Amino acid sequence: MASPEERYNFREAEAKWQKTWAAKDSFKTEDNSSKPKYYVLEMFPYPSGRLHMGHVRNYTLGDVVARHKKAKGFNVMHPMGWDAFGLPAENAALERGVHPGKWTRQNIADMKAQFAPLGLSLDWSREISSCEPEYYKHEQKMFLDFLKGGLAYRKESWVNWDPIEHTVLANEQVIDGKGWRSGADVEQRKLNQWFLKITHYAEDLLQAIETLDRWPDKVRLMQHNWIGRSEGARVTWPLTDAGGKETGDTLEVFTTRPDTLFGASFCAISAQHPVAAKLAESNPALVEFIAECSKGGTSTAAIETAEKMGFDTGLKAAHPFIPGKTVPLYVANFVLMAYGTGAIFGCPGHDERDMEFARKYGLPVKCVVAPVGADPEAFAAELETGNVAFTDDGVAIHSEFLNGLKVDAAKRAAIAKLESLGRGKGTVQYRLRDWGISRQRYWGCPIPIIHCDSCGAVPVPDKDLPVTLPEDVTFDTPGNPLARHPTWKHVKCPTCNKPALRETDTFDTFFESSWYFARFCSPHVTDRPFNEVEAMKWLPVDQYIGGVEHAVLHLLYSRFFTRAMSDCGYLSLKEPFAGMFTQGMVCHETYRAADGTWLEPGSVDWNGTTATHNGAPVAVGRSEKMSKSKKNTVDPARILDTFGADAARLFMLSDSPPDRDLEWTDAGIEGAWRYLNRLWRLATMANEIPQAPLPTMLDPGPAGLLRQIHRTIAAVGDDLEKFRFNSAVARIRELTNAVNDQDRDAIGGDAVFRFGVEILAQLINPLTPHIAEEIWQLLGNAAILTEAPWPSHDPALLEDDTVTIAVQVNGKLRGTITVAKTADKAACEAAALVLGPVQKQLDGKPPKKVIIVPGKIVNIVAA
RNA sequence: GCGGGUAUGGCGGAAUUGGUAGACGCGCCUGACUCAAAAUCAGGUUCCUCUGGAGUGGGGGUUCGAGUCCCUCUACCCGCACCA
């Protein structure tokens, strides 16, 4: 039984070691080191003011990697900073009247204090905060360099506009066609916006996914789909009016199916297409139709239910292959201006959307592709009278020079013909769009541009950078505080000195997070974003860790930025993150009262198996990501206070593989806490054994334990390298059990016992560093464990001299035999055949066949 | 709709290349200690009609041997979503 003094005092120990590490600067990256470098990075947090379990899991995972790599002899860089611009700061300003900067900086201080008890091996000397001019001034310069290099531009584009908030909304902020905060119907508006030309790198970003072999397949696939490469053709269709007279305009459409051009029965353009705008000038009915299309329309629900609608313009488009043939031109709500050319040709026979549209507006359906082997005429007759398009591979029919060609060959032939006729050409189209970075927000990095009536958009000269945010702003009226600030935007044009206006938009906050990993390499340089030599030394990040929710945007933007920075001379690198790991979410059961309101876990009582709240029944919901809205959060501060950092870390690491969701349970954390006490008790027992070299002669028991110790060293090292932290914990616990069971009276028993505890401390150090240090010190080691090398294993001790192998009859286990490792097949067979259950199965008959895999299995095939 | 993933005891999850399924933990059960409880310690715990048999979501296949490979079905999860 553990007396109070035997119990592990985590409060004292954890505080002590955190102080020791800080005093020794244990985690400061070495400046001039001959060791190989290793850069571990977790996605820097938004300073909300409160650390949550997701953070704890993220930083614990990174800490395991950092500490393990340090022990393995690497010069580790493990920095931390703050992704400090963002909307919540403005919301706080709105709700509480506190300035976003003050609120943010206070949150950073609060969160930093909450980080401390976790005992993370962070190098705080590299701390950065993206909302400070020392940080964002560099990205203003970078933006201007991008502009100079043709990687940034300004253009009018359609955006979601909230008419009450007077601001642009991201697609994610539009819920069912309404502004997420105002509830107002969102309008489509055309605004001047700044863009970064990520599409310039579309092909390279796609191709290079292949090289990211230490990224999760899931993330690579998501990026692949997001970039969305499709091969096809652009086809020009001259437009004529109802009387057949050419209007002088030509329509350009993009298609991936030029092989189906002979099946064309209409063309359609987006409501936002310039031709539609031109026609609308003299057509009030079209104006109304376009307005209808612009309403709402961006929410997923709206798109799913939206019926296809078209407006016949009366114009005709001339077919590229069939002289004299024209098809009607529609404005249609399902054509997207942002993809391809904003115009399509419709082939109802071989496209489901076109089929739906054709049936609604009574347009012809012509079959031009038939399945291989089908009777073309019978198939065509069926297709042309039905409502289902045929979109699979097949053979071209009713298509003149394409007849008989399969889809791929027909595409090539059609493109060749288009090119020879001057009516189109083969192209590659990407789904990826340029990154709109303008936000009508205060709490972001000002875009360093001055708009002059005479000179246009003029870059702020270098000497005037950074453009800093004004402090005296108000949030009591909707819209951008920068735009209505009385003086801030009024400046002189740097070129002509006439009165001009500052750009009042700020950068999307993804801008800051697209290059912070490079800033960490030299966080204190003032004249440029980072020192190129340092960046090239540390980058790419060896191991990046974060949530899968950033699989596309943040990770793709960072890959783009690295290329753009390279092309602008900042460094010479393509990929910022060599290794990427996406961790799972931290989940908890959800509870709802009868009236549907969510209940906190702490307010739910358990009567046997049913949950109650103040005696009333509670519906127990499934486990979901911890969130304030569902009240299923657990406060890390409370857990750290009750069980300590090591117990919290151990539970998070042991219960689920790190890439899967983790179910937080009270029982789980208690189990981790129990284990630490068990380990501590073993340590106090080991401490009573004098330190001495291992004897050369050991009884079989201690000899076996010694082999298990070496096997565990090897296995845990391997598990840590491969992010199998839950397995590593299992192996360590297994060894703990074996050490605990060691017969101390056997020859060498004590010595191997003590050795085992020492190794346990070293193996568990990356996972639960405080108790590991405490045990290490208890056992008389003068130096701290954080500075000790990873234990090495003796390959000769990994395997036993004997091996126990399974004996099967017809594939079913009937027993085991223990033979010498070197036993030959005949010996194994002989040993297996004499087993009682084997003889019973054979029933006196000789085996038909015996399969022996040395060291693995004997399988006897009975007649 | 398109693309991807997952499915193993009461629960979380183990199981290199096909080779003793259920490691490790949670929970539960029994015992010790205790006036009692908690904590702790020791033991047990896939299921069943239990000297045997069944078993890794269902069905089928390949193999001496399948959680692992192939086909098929089902359920759930994730990403994209009128992308021409």
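Below, chains carry the letters A, B, ... as their sequence lines are ordered, and counting in each starts from 1. Note that the structure is predicted; figures quoted are calculated from it, not measured.
Checking the phosphate oxygens (OP1, OP2) of B/C24, no side-chain nitrogen or oxygen of A/Asn726 falls inside 4.0 Å. Side-chain N/O atoms of A/Arg733 include none lying less than 4.0 angstrom from OP1 or OP2 on B/G13. Within the structure, a side-chain polar atom (N or O) of A/Ser230 is placed less than 4.0 Å from OP1 or OP2 of B/A84. Distances shorter than 4.0 Å separate none of the side-chain N or O atoms of A/Arg724 from OP1 or OP2 on B/A14. Here A/Asn859 does not reach the OP1 or OP2 of B/U63: none of its side-chain N or O atoms lies under 4.0 Å away.
Look at B/U17: it lacks any Watson-Crick or wobble partner with both distances under 3.5 angstrom. Across all strands shown, B/U30 forms a Watson-Crick or G-U wobble pair with B/A42, both key distances being under 3.5 Å.
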Requested in this report: Could you go through the ring-ring contact (aromatic ring centres under 6.0 Å, His included) check for A/Trp435 and A/Phe510 one step at a time?
Outcome: CA-CA 10 Å; A/Trp435 174 15; A/Phe510 276 107; 7.1 Å; no
Requested in this report: Could you check A/Arg731 against A/Asp719 for salt bridge (charged side-chain N to carboxylate O under 4.0 Å, His left out), going step by step and ending with a plain yes or no?
Outcome: CA-CA 9 Å; A/Arg731 296 250 158 72; A/Asp719 283 340; 2.7 Å; yes
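Listed nucleotides B/U20, B/A84, B/A81 differ in distance to A/Thr804; the shortest reach to its side chain belongs to B/U20. Side-chain atoms of A/Arg674 lie closest to B/U40 of the nucleotides B/G25, B/U40, B/C83. Closest to the side chain of A/Lys849, out of B/G3, B/C64, B/C83, is B/C64. Here B/C80 is the nucleotide among B/G3, B/C80, B/A14 with the atom lying nearest to any side-chain atom of A/Trp226. With B/C78, B/G27, B/A23 as the choices, the nucleotide that has an atom nearest any side-chain atom of A/Ala667 turns out to be B/G27. Comparing B/A14, B/G13, B/A84 by their closest approach to the side chain of A/Ser656 singles out B/G13. Checking B/C82, B/A21, B/G12 against the side-chain heavy atoms of A/Leu813 singles out B/A21 as nearest. Side-chain proximity of A/Arg814 to B/G53, B/C82, B/G3: nearest is B/G53. Proximity note for A/Asn740 (side chain, C-beta onward) versus B/G65, B/A42, B/A23: the nearest is B/A42. Of the candidate nucleotides B/U20, B/C26, B/G25, B/U20 has the atom lying nearest to any side-chain atom of A/Thr816.
A gap of 27 Å separates the P atoms of B/C70 and B/G79, to the nearest Å. Comparing the P positions of B/C69 and B/C77 gives a spacing of 24 Å, expressed to the nearest Å. The same atom, C1', is picked in B/G31 and in B/C24; the two are 24 Å apart, to the nearest Å. For the C1' atom pair drawn from B/A21 and B/G9, the interatomic distance equals 11 Å after rounding to whole Å. Look at the C1' atom in both B/G60 and B/G12: the space between them is 32 Å, to the nearest Å. Rounded to a whole angstrom, the distance from the C1' atom of B/A23 to that of B/A14 is 5 Å. Separation of the P atoms belonging to B/C80 and B/C28 is 41 Å when rounded to the nearest angstrom. Comparing B/G13 with B/C26, their C1' atoms are spaced 10 Å from each other, to the whole Å.
Within 6.0 Å of atom NZ in A/Lys425, 12 or fewer heavy atoms from other residues, nucleotides or ligands are found, so the atom counts as exposed in its surroundings. Atom CD of A/Glu352 has 12 or fewer heavy atoms from other residues, nucleotides or ligands within 6.0 Å. Atom NZ of A/Lys308 is surrounded by more than 12 heavy atoms from other residues, nucleotides or ligands within 6.0 Å.
Between A/Arg220 and A/Glu210 there is no salt bridge, since no side-chain N of the basic residue sits under 4.0 Å from a carboxylate O of the acidic one.
For a distance-only test at 3.5 Å, the side chain of A/Lys848 fails to qualify as a donor-acceptor partner of the base of B/C64. The base of B/U17 sits with one of its N or O atoms less than 3.5 Å from a complementary donor or acceptor on the side chain of A/Lys856.
Within 4.0 Å of A/Glu663, counting heavy atoms only, lies no atom of the nucleic acid at all.
Base orientation of B/C33: anti, since the glycosidic angle falls outside 90° of 0. Taking 90° from 0 as the syn/anti boundary, the base of B/G27 is oriented anti.
Comparing A/Ile805 and A/Leu336 along RNA chain B, the residue whose closest nucleotide (by nearest heavy atom) sits nearer the 5' end is A/Ile805.
Using cut-offs of 30° and 60° on the angle between ring planes, the pair A/Tyr8 and A/Trp680 is tilted.
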